[in-house]
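What you see below is based on every heavy atom in this structure, not just the backbone, and it leaves out hydrogens, waters and symmetry mates. Keep in mind the model is a prediction, meaning the values are calculated, not measured.
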Amino acid sequence: MSSIKCANCRLVNFSTETHCKRCQQPLNEFTNIAAQRPYQANSQQAAAYQNPYQPYQTPPPPPAFDAFGREILPQADTQMLCVKCGSRESVQIQNFKKEYVPPIAYIGAFIGIIPMLILILCLKVRHKLTAPFCTDCWSRFGRSATFSTASSVGFVLGVPLSFIVLLTFESWFGFLFVLALTFGFVICAAIYKHLNSPKYKKVDRRQVIIEAPLVGEIRYANN
């Protein structure tokens with residue numbers, strides 16, 4: 001039986017073998033070592049793209065260029081993810097707002113409620129944002145905004161009402177009850193809004209950063 005010597009490791013193999021027993025290079029009696037170098041480089045490059053969690057992963061396609069020499073980038077996945085829960089079902093782009101009130105505005109509370117409200121109205125910044133939401137998350141987010149507005153109105157009305165109860169009925173129990181009810185409603189509304197809002201990583205006068213599931217940070221700049 002005839003034999004073929006491997007051009008890479010010089011091992012003598014049977015003529016029926018297609019690859020070398022020692023180095024696994026393709027056997028071709030007309031191919032020298034230099035001709036087998038591109039195959040070896042391509043094999044190593046393909047092995048580098050293997051993913052241990054997947055059976056096989058093909059290398060990325062070569063870059064393409066348009067008529068002006070500009071690189072044509074591959075199109076990204078257009079399927080949107082909900083910014084709150086990461087769901088792909090029933091996702092639509094929604095417009096919403098995020099207000100930022102600097103901490104210095106709350107110093108007016110030491111003077112009175114009216115000065116504090118005036119400082120908040122003068123110093124707050126309203127960011128206009130756009131993000132994808134699924135139907136359920138957007139519905140809960142809308143309800144949280146409604147509860148937050150109602151709690152603000154309840155706070156403005158509840159605190160003076162507690163003093164009216166104190167002065168009218170001379171009842172400290174009534175005063176504390178109305179005051180506790182007012183603050184309890186505000187706290188519950190704030191917790192509900194926090195649980196159903198996007199995860200705000202940073203909010204200031206100039207930008208808003210949201211931490212979205214499976215996406216990472218989304219930055220919004222206030223122009």
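- In this structure, the separation between NE2 on H19 and CG on N13 is 11.0 Å, given to the nearest 0.5 Å.
- Hydrophobic clustering (ILVMFWY, side-chain heavy atoms < 4.5 Å, transitive): L161 and F169 are in one cluster.
- Rounding to the nearest 0.5 angstrom, the gap separating the CD atom in Q24 from the OG1 atom in T18 is 9.0 Å.
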query: Can you check side-chain contact (heavy atoms from CB on, under 4.5 Å) on C23 and L11, steps first, answer last?
result: CA-CA 9 Å; C23 64; L11 178 68; over 6 Å; no
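- A continuous path of hydrophobic side-chain contacts links L179 to F163 [ILVMFWY only; heavy atoms under 4.5 Å].
- Here the closest heavy-atom approach between residue F155 and residue V186 is recorded as CB-CG2, 3.9 Å.
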field: Pair S144-R140, side chain to side chain donor-acceptor pair (under 3.5 Å): steps then yes or no
entry: CA-CA 6 Å; S144 68; R140 289 192 293 267; over 6 Å; no
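- Within the structure, ring-ring contact (aromatic ring centres under 6.0 Å, His included) pairs that include any residue of residues 184-215 comprise F147-Y192 (at least two apart or interchain).
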Result block: side-chain N/O donor-acceptor pairs under 3.5 angstrom for residues 207-217, not counting sequence neighbours:
| from | atom 1 | to | atom 2 | distance (Å) |
| --- | --- | --- | --- | --- |
| E217 | OE1 | R219 | NH2 | 3.1 |
| E217 | OE2 | K201 | NZ | 2.4 |

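- Closest approach of P132 to V91, counting heavy atoms only: CB-CG1, 3.5 Å.
- Looking at S139, its side chain never comes within 3.5 Å of a backbone N or O of D136 through a donor-acceptor pair.
- Within 6.0 Å of CD in Q92 there are 12 or fewer heavy atoms belonging to other residues, nucleotides or ligands.
- Atom SG of C134 is separated from atom CD of Q94 by 10.0 Å, given to the nearest 0.5 angstrom.
- One hydrophobic cluster, built from ILVMFWY side chains closer than 4.5 Å, cannot hold both V165 and W172; they sit in different ones.
- Summarising the geometry of P102 relative to L123, their closest heavy-atom pair is CD-O, 3.5 Å, with the distance given to 0.1 Å.
- Note: F141 CZ to T146 OG1 = 10.5 Å, rounded to the nearest 0.5 Å.
- Rounding to the nearest 0.5 Å gives a distance of 6.5 Å between CD of Q25 and SG of C6.
- Under the 3.5 Å distance criterion, the side-chain polar atoms of H127 are left unmatched by any main-chain donor or acceptor of A221.
- No option in V83, L129, I218 other than V83 meets the side chain to side chain contact (heavy atoms under 4.5 Å, CB included) test with P198.
- Both L166 and V159 sit in one connected hydrophobic cluster of ILVMFWY residues. Membership requires side-chain heavy atoms under 4.5 Å apart, directly or through other members.
- Residues V203 and K98 meet the side-chain proximity criterion, which asks for heavy atoms closer than 4.5 Å.
- Although no hydrogens or angles enter the test, the distance criterion places a donor-acceptor pair under 3.5 Å between the side chain of S151 and the main chain of S148.
- Distance check: F177 CZ to S162 OG gives 12.0 Å after rounding to the nearest 0.5 Å.
- Atom NZ of K193 has 12 or fewer neighbouring heavy atoms from other residues, nucleotides or ligands inside a 6.0 Å radius.
- Closest approach of T182 to G158, counting heavy atoms only: OG1-CA, 3.4 Å.
- A continuous path of ILVMFWY side-chain contacts below 4.5 Å connects F175 to F183, so both sit in one hydrophobic cluster.
- In the displayed structure, K21 atom NZ is contacted under 6.0 Å by at most 12 heavy atoms of other residues, nucleotides or ligands.
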